[in-house]
Undergrad: 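The structure that follows is given in the form of structure tokens.
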Amino acid sequence: MERLCGPKLPFWEANQTFHTDSPDLPECFQLSVLSWLPCVYLWLACPPYLFYLQRNNMGYIMMSVLNRVKTVFALVLWIVCWTDLFGTFNELHQGHTQPPIYFVTPLVVGITMLLATFLIQFERLRGVQSSGILFIFWFLSVLCAIVPFRSKILQAKIPDKLRFITFYLYFTLVVSQLILCCFNEKPPLFSNVDTDPNPCPQSTAGFLSTMTFWWFTSMAIKGYKNPLEAKDLWSLNKRDSSEEVVPKLLREWDLEQIKAHSPEEVEVLLSKTKTHKKPSFLRSLIKAFGPYFLIGSAFKLLQDLITFVNPQLLSLLILFTKQKEAPTWWGYALAFLMFFTAFLQTLILHQHFQYCFVTGMRLRTSIIGAIYRKSLIITNAAKRTSTVGEIVNLMSVDAQRFMDLTTFLNMLWSAPLQIILALYFLWQNLGPSVLAGVAVMILLIPLNAAIAVRTRAYQVEQMQYKDTRIKLMNEILNGIKVLKLYAWENSFKDKVLEIRQKELNVLRKTAYLGALSTMAWTSAPFLVALMTFAVYVTVDKNNILDAEKAFVSLSLFNILRFPLNMLPQVISSVVQASVSLKRIQDFLSHEELDPESVDRNNTATVTVVNGKFTWAKQDPPALHNINLMVPQRSLLAVVGHVGCGKSSLVSALLGEMEKLEGHISIRGSVAYVPQQAWIQNATLRDNILFGKAYNEQKYRSCLEACALTPDLEVLPGGDLTEIGEKGINLSGGQRQRVSLARALYNEADVYLLDDPLSAVDSHVAKHIFDHVIGPEGALQGKTRILVTHGISFLPQVDNIMVMVEGRVSEMGSYQELLQQNGAFAEFLRNYSLEDIIEDEATGTTTCYYSREIQNLLSEVRSTADFLFHLVIICTHLVKSKVFWEYVKAVGPLLTLCICFLYGCQNAAAIGANIWLSQWTNDAAQNMTQENVSMRVGVYAALGITQGILVMVSSFTLAMGNIGAARKLHYALLDNKFHTPQSFFDTTPIGRVINRFSKDIYVIDEALPSTVLMFLGTFFSSLSTMIVIVASTPIFAVVIAPLTFIYVFVQRFYVATSRQLKRLESVTRSPIYSHFSETITGSSVIRAYGRHDAFVLMSDMKVDENQKSYYPGIVANRWLGVRIEFIGNCIVLFAALFAVIGKDNLNPGLVGLSVSYALLVTMSLNWMVRMTSDLESNIVAVERVKEYSETKIEAPWEVEDKKPSPDWPSQGKVEFLDYSVRYREGLDLVLKNLTLSVVGGEKIGIVGRTGAGKSSMTLCLFRLLEAAGGEITIDGVKISEIGLHDLRSKLTIIPQEPVLFSGSLRMNLDPFDKYNDGEVWKALELSHLNKFVSNQPAKLELECSEGGENLSVGQRQLVCLARALLRKTRILILDEATAAIDLETDDLIQSTIRTQFEDCTVFTIAHRLNTIMDYTR
């Protein structure tokens, strides 16, 4: 340095810099280090940056005023620097020799300014709108120029006028360059920003805006003012969209596959055996997305290193408070340095997260895209290996795992790095005694692991209980009517509560474990510190624990906490992701269909020569030596027995089967009607058009030909009716006809019709054959291949092909085949009888489509209510009332108690740390030895107390939460059993089930953990404030504005992020439902050549979902930067006030307050997240509440009106002027009915459908309450007594027999009122005893859900047995024998006559012979 600056200008003087109250840097230092620093930075950053720009060209930007000004300023700067240089030469010329530094520095700086000028222009040509590299350069230049700026002012006289002027010119220009750098250039020409209606502001955001995520603010404000809708979301950035991301991955994957299938020749020579290398999906992922992810990793590395600067600064700050004569500016400099490093750390960390999350998002998009594309072209053999559900899981679960992993993937190397660095600094601080603390940490890891394993086991157990409970609830809600008719609610309620109790017990065990792990997690840092300090002071008499050592170690231990907890999690997610990776890789490596198997360019229409086909390579061939030629414009019918390969032939023609040998050719386009119609979840019209343009006339004639016109009048929205998934609101025949209409509309050259007439009634089939398929139909000019079972059409076809066991047995016209008297003639003889019978049977029906339309009407009614109302996003703010409801459910006293415990545990923690700071002050007064044991003891006691309090408080909280869950569930269940039948008729069962499953799950599991985290973070933030205020009271002034900003940011974030989460989940399910739809219809999609259109649809759905996911990520970053900024301000003020009041503060307190402040950022950030989660989760309480307060029916028992036990003794029933309606606002069903029945009479009730027959019986049970008049039984008005008293005295055998899963015995007698003998007697009378006694389980025979394992007739008999057991005076039969053969029917009738001869019987009958002998 002396060579450069000369002997007169020393490089460094300690007295002039450090040990004075107004410091200044020597001129040599200013000229060398300060001037060269920005230059060195720019020259180092330039090469990689230029390389990056060379690769990424974004189009060029027109020259603007801003750009011109920047360029001119940079050139002027170069001139200013070189003016200095020429000035020096001039002085040399005049004989004043200057040291070399005066030549070197202006030269270096001048050349750097030229480089900056070049960069400004180069960036413009490459389309960079705002440059980070240059911004940092100008920022550094300004920083470094401030020191000379100040020292030039401090100099009394100006020795060197030229340099004085050039420097001030330089300073002004550099500052203005920095300001100009904050502004953005216009977007590049021809970029997609101009065309996009709602572009993402990120692409045009400046450097500062990108670093602080300022560009997101507009969305936050919008979401705060009004609920966000899909149209408010920004378009996806081009580089994140499916059209960019998916091809990128597929290119790499294809390369991998090519590499795997063509091994290098050297290897082949060396290894005689042929080895098949598997293509590695991981490698293609890394190639596609690795480079982008590495930028994020670089940020992470920087952040890890900066993390360790603050503890070092803290130790300097504590040293500074000890030295009473140190100049004050040291303190201020340290305080601002701490703030600056913390702020830098925040910015870098969030940039890292942003890169990781975006990588994760791209991974998900590309994996979903790759799987979707693959699923359209895999062979049938491959399809068999995985179900639709499994493939959908690949998309949802496995792709999601990758997305979650990328966020933490960097922890794999960053956690060990942080641990090593922390240990290194700790070792420097405390020496070997650190190992004691580390040992404790390592010991805690297996404990946490053990807890995790147990918890997982409990979770599995709890899931089982939950599933059983939901299954039972589902049955109960489906059979609620029967429960009410039999007054069986109580027994089923007890069953549900019993399962619920088991579930809560498991939850309670989980809570015990949770409390333990919370304790381990909270006490770990404390135990570590305790062990380390205790060992440190006891090992050696000379070891003195002073403030600096103690608090720096504490802050280092706090840094250690995070990586140690993260590592096990990251490792387990890596394991999970590797499993997912293998599954995805296997799926993507499946065989694909050969697009060349069908020759499309041949002249002949449809020919097959020597065809031999199989479904899978390893299976035996399904079709042998098929030879077939279909002349143009002819109709070929393919017939044969079931399973002889008719459909396989059609598949082979479509190219869906593996071709073993032979040759197929088809000329022109193909339309395909599969055996099982495939209907999309879209409007009816879209299903028929299938991507073709709409042409009114052609469309109408298609509908007419396919006999769909009458059906459209029935559908609520005509042909624009939304068809549910799998065509749920169409009957089978309609689905088939829609599928046919689709083919007809598509105007192909060749039609492959796979048995399209099987699902429709015979007259409809005739209509379709005449108008569409047959010689006179709409397709008469096309080549048609029709697979059929219908014999009546065969005389009208051109050729018939008979198949037997996968071979063509004969072929020719109808007449020819009859004369040959071969397989075909035999086939005809077998089938024609049935056909004739059927024709006679249907000849009588006049109305064409009657049966189908009736089924349809009933289906549409039930679905129309809710299918067409899209999911309405409820958007109201969560009221404080709901929180109060939850507090009431937990118990207000318990709530106070929990808060008190949390307060105590934090008090204990503060106490321990204050004690530590007192302990460290001993060092200053040299009274260390006497009370070491006391210090350690009290410190330990306080810490352990805190641990125990943590455990108690989190346990009490868990108990409170479980209590609340029990109460809320009980209220919901109780209310649902008391709800009148009309509620269940109008509410979709799914909605009620959802309350019992999803919402109860949230209350059971999600809410408690959120509340726990919320309370924890809230109290720890609070205690930080208390500690800082206690040590530097002036801090209280700053709290108010900081809190205000905090609450302000938090309100914005919570409002917006909640909407975004909701939108994200609403747009997620269409991806999967579209996907499963595509898999089931892949052959149709391929046949019509719609492959690309469907890929595009899937991509759009994924992009739509990512459009709401991306702002969600950024919202978290936006919040993080702002909240951590507040945290950094707290650090700054804590340090500043410590410096200001250093004369009356001891070093212990300074250490305490600043190390607390360094911790606060984390808890502030979490607190906002938890508030947001709490608000989303508490909604569940509100939804459960809403359904536990619906209107209830009359009481089950009315004490003072209880009828006598033997009522009704005669069974006399009277209706007096009785009217009833189903629900408020509907018409009366029964009008002023008056009727008197004497006890023991048998009454038959007949009438048309809908005449009110069933309603009459429901009134007796008071499922419908009277609108006027009354019913009396044996003189007792039924409207006055309790419902159970009434219903238990009547018996009904209902229309649909409903059984519940459970034993047969429970189905007959759920309350265990009767002994086994009586039950067997009832079974004998209902003719079931033979069936039951043949079962190994006898009465304990398990009935499956809905009684699926019994036939309908047997179920009806079980209902009869129930009636025989109850044996009441009044029996009601509601079409009870409709499902039974006549023989059994007679048996039943005789049973009823003998067993119920003295009872009053009402029968609603369809068959007259059942009520022939009734009284009237």
Side-chain angles (χ1 to χ4, degrees), residues 38-64 66-68 70-71 73-75 77-78 108 111-141 177 180-181 183-194 199-200 202-211 237-241 243-245 247-252 255 283-299 301-302 348 351-352 354-356 358-359 362 366:
C39 304
V40 171
Y41 155 76
L42 193 65
W43 284 100
L44 285 177
C46 221
Y49 185 55
L50 286 176
F51 174 69
Y52 166 78
L53 285 181
Q54 211 45 55
R55 295 283 295 274
N56 294 27
N57 189 355
M58 288 164 259
Y60 81 107
I61 299 175
M62 294 284 283
M63 191 66 135
S64 62
L66 179 66
N67 202 281
R68 289 193 180 103
K70 281 187 192 170
T71 314
F73 276 11
L75 286 170
L77 273 168
W78 166 65
V108 172
I111 292 175
T112 311
M113 290 306 162
L114 277 179
L115 176 64
T117 318
F118 162 69
L119 266 181
I120 290 172
Q121 284 310 315
F122 189 66
E123 284 184 337
R124 178 180 72 78
L125 294 175
R126 287 272 174 250
V128 177
Q129 285 174 271
S130 167
S131 162
I133 297 279
L134 283 173
F135 179 86
I136 298 176
F137 170 66
W138 298 123
F139 181 69
L140 281 174
S141 303
Q177 281 283 31
L180 287 176
C181 224
F183 295 101
N184 271 7
E185 290 286 352
K186 289 208 248 353
L189 290 179
F190 317 118
S191 73
N192 57 349
V193 175
D194 319 330
C200 180
Q202 185 190 9
S203 49
T204 57
F207 174 70
L208 281 178
S209 172
T210 310
M211 291 305 283
N237 290 327
K238 189 87 169 137
R239 52 180 186 274
D240 299 330
S241 64
E243 60 174 313
E244 293 253 324
V245 176
K248 198 171 172 182
L249 176 68
L250 288 177
R251 274 197 304 275
E252 298 296 344
L255 285 173
R283 197 178 298 131
S284 37
L285 282 178
I286 291 171
K287 278 186 185 161
F289 306 109
Y292 186 80
F293 185 69
L294 281 176
I295 305 177
S297 308
F299 277 121
L301 181 67
L302 259 176
I348 289 176
Q351 282 305 317
H352 153 247
Q354 176 71 359
Y355 275 100
C356 290
V358 171
T359 311
R362 290 180 185 176
S366 60

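We're numbering straight along the sequence, starting at 1.
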Undergrad: So, Gln54 and Tyr49: side-chain donor and acceptor under 3.5 Å apart, yes or no?
TA: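 Judged by distance alone, the side chains do not pair up.
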Undergrad: Starting at OG of Ser203, measure out to CZ of Arg239 and round the result to the nearest 0.5 Å.
TA: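 Going from OG on Ser203 over to CZ on Arg239, the span is 7.0 Å.
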Undergrad: For the pair Glu252 and Leu255, evaluate side chain to side chain contact (heavy atoms under 4.5 Å, CB included) and give the outcome as yes or no after the intermediate values.
TA: CA-CA 5 Å; Glu252 298 296 344; Leu255 285 173; 4.0 Å; yes
Undergrad: Which pair of non-hydrogen atoms, one from Asn184 and one from Gly206, has the smallest distance, and what is that distance?
TA: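 Here Asn184 and Gly206 meet closest at OD1-CA, 3.1 Å.
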Undergrad: Are the side chains of Gln354 and Gln202 in touch, meaning some heavy atoms are under 4.5 Å apart?
TA: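 Counting from C-beta outward, Gln354 and Gln202 do come under 4.5 Å.
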Undergrad: Do Leu42 and Ile133 have side-chain heavy atoms sitting under 4.5 Å apart?
TA: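 Leu42 reaches Ile133 side chain to side chain.
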Undergrad: Applying ring pair (Phe, Tyr, Trp, His ring centres under 6.0 Å), name anything that partners Tyr355, two or more places apart in sequence or on another chain.
TA: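 Tyr355 satisfies ring pair (Phe, Tyr, Trp, His ring centres under 6.0 Å) with Tyr292, Phe299 once adjacent residues are dropped.
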Undergrad: Give, for atom CZ of Arg362 and atom OG1 of Thr359, the distance between the pair rounded to the nearest 0.5 Å.
TA: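 Atom-to-atom, Arg362:CZ and Thr359:OG1 are 6.5 Å apart.
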Undergrad: Could you state the interatomic distance from CG (Leu285) to OG (Ser366), rounded to the nearest 0.5 Å?
TA: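 It comes to 6.5 Å.
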Undergrad: Test your reading of the model: is there a side-chain donor-acceptor pair from Gln177 to the backbone of Lys70, 3.5 Å cut-off?
TA: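 Checking the backbone N and O of Lys70 against the side chain of Gln177, a donor-acceptor pair under 3.5 Å is found.
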Undergrad: Report the C-alpha separation of Glu185 and Ser130 in whole Å, then their side-chain angles, then the decisive distance to 0.1 Å, and conclude whether the side-chain hydrogen bond (donor to acceptor under 3.5 Å, both in side chains) test is met.
TA: CA-CA 7 Å; Glu185 290 286 352; Ser130 167; over 6 Å; no
Undergrad: Assess whether side chain to side chain contact (heavy atoms under 4.5 Å, CB included) is satisfied between Glu123 and Ile61, documenting all intermediate values.
TA: CA-CA 9 Å; Glu123 284 184 337; Ile61 299 175; over 6 Å; no
Undergrad: Below 3.5 Å, can you tabulate the donor-acceptor pairs from side chains in residues 111-122 to any protein atom, sequence neighbours excluded?
TA:
residue	atom	partner	partner atom	Å
Thr112	OG1	Trp43	NE1	3.2
Thr112	OG1	Val108	O	2.8
Thr117	OG1	Met113	O	2.7
Gln121	OE1	Arg124	NE	3.0
Gln121	OE1	Arg124	NH2	3.4
Gln121	NE2	Asn67	OD1	2.9
Gln121	NE2	Thr71	OG1	2.8

Undergrad: With heavy-atom distances below 4.5 Å as the criterion, would you say the side chains of Leu180 and Trp138 are in contact?
TA: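 No, their side chains stay 4.5 Å or more apart.
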Undergrad: Tell me whether Lys238 is salt-bridged to Glu243, with the criterion being a basic N under 4.0 Å from an acidic carboxylate O.
TA: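 Between Glu243 and Lys238 there is a salt bridge, with a charged N closer than 4.0 Å to a carboxylate O.
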Undergrad: Would you indicate whether the side-chain heavy atoms of Phe137 and Ser131 approach each other to under 4.5 Å?
TA: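 Counting from C-beta outward, Ser131 and Phe137 never come under 4.5 Å.
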Undergrad: For a 4.5 angstrom cut-off between non-hydrogen side-chain atoms, does Lys186 reach Gln129?
TA: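 No, their side chains stay 4.5 Å or more apart.
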Undergrad: Would a 4.5 Å heavy-atom cut-off, applied to side chains only, mark Val245 and Phe289 as touching?
TA: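 Answer yes - side chains close enough.
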Undergrad: Considering only heavy atoms from C-beta outward, does the side chain of Cys356 approach that of His352 to under 4.5 Å?
TA: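 Cys356 reaches His352 side chain to side chain.
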Undergrad: What are the two closest heavy atoms between Ile136 and Tyr41, and how far apart are they?
TA: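 That closest heavy-atom pairing would be CB-OH, 3.4 Å.
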Undergrad: For Phe139, look at atom CZ and say whether over 12 heavy atoms of other residues, nucleotides or ligands are found less than 6.0 Å away.
TA: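 Check fails, neighbour count at 12 or below.
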Undergrad: With a 4.5 Å cut-off on side-chain heavy atoms, are Lys287 and Leu249 touching?
TA: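 With C-beta onward as the side chain, the pair stays apart.
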Undergrad: SG/Cys39 to CG/Leu44 distance, rounded to the nearest 0.5 angstrom?
TA: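 The CG atom of Leu44 is 11.0 Å from SG of Cys39, to the nearest 0.5 Å.
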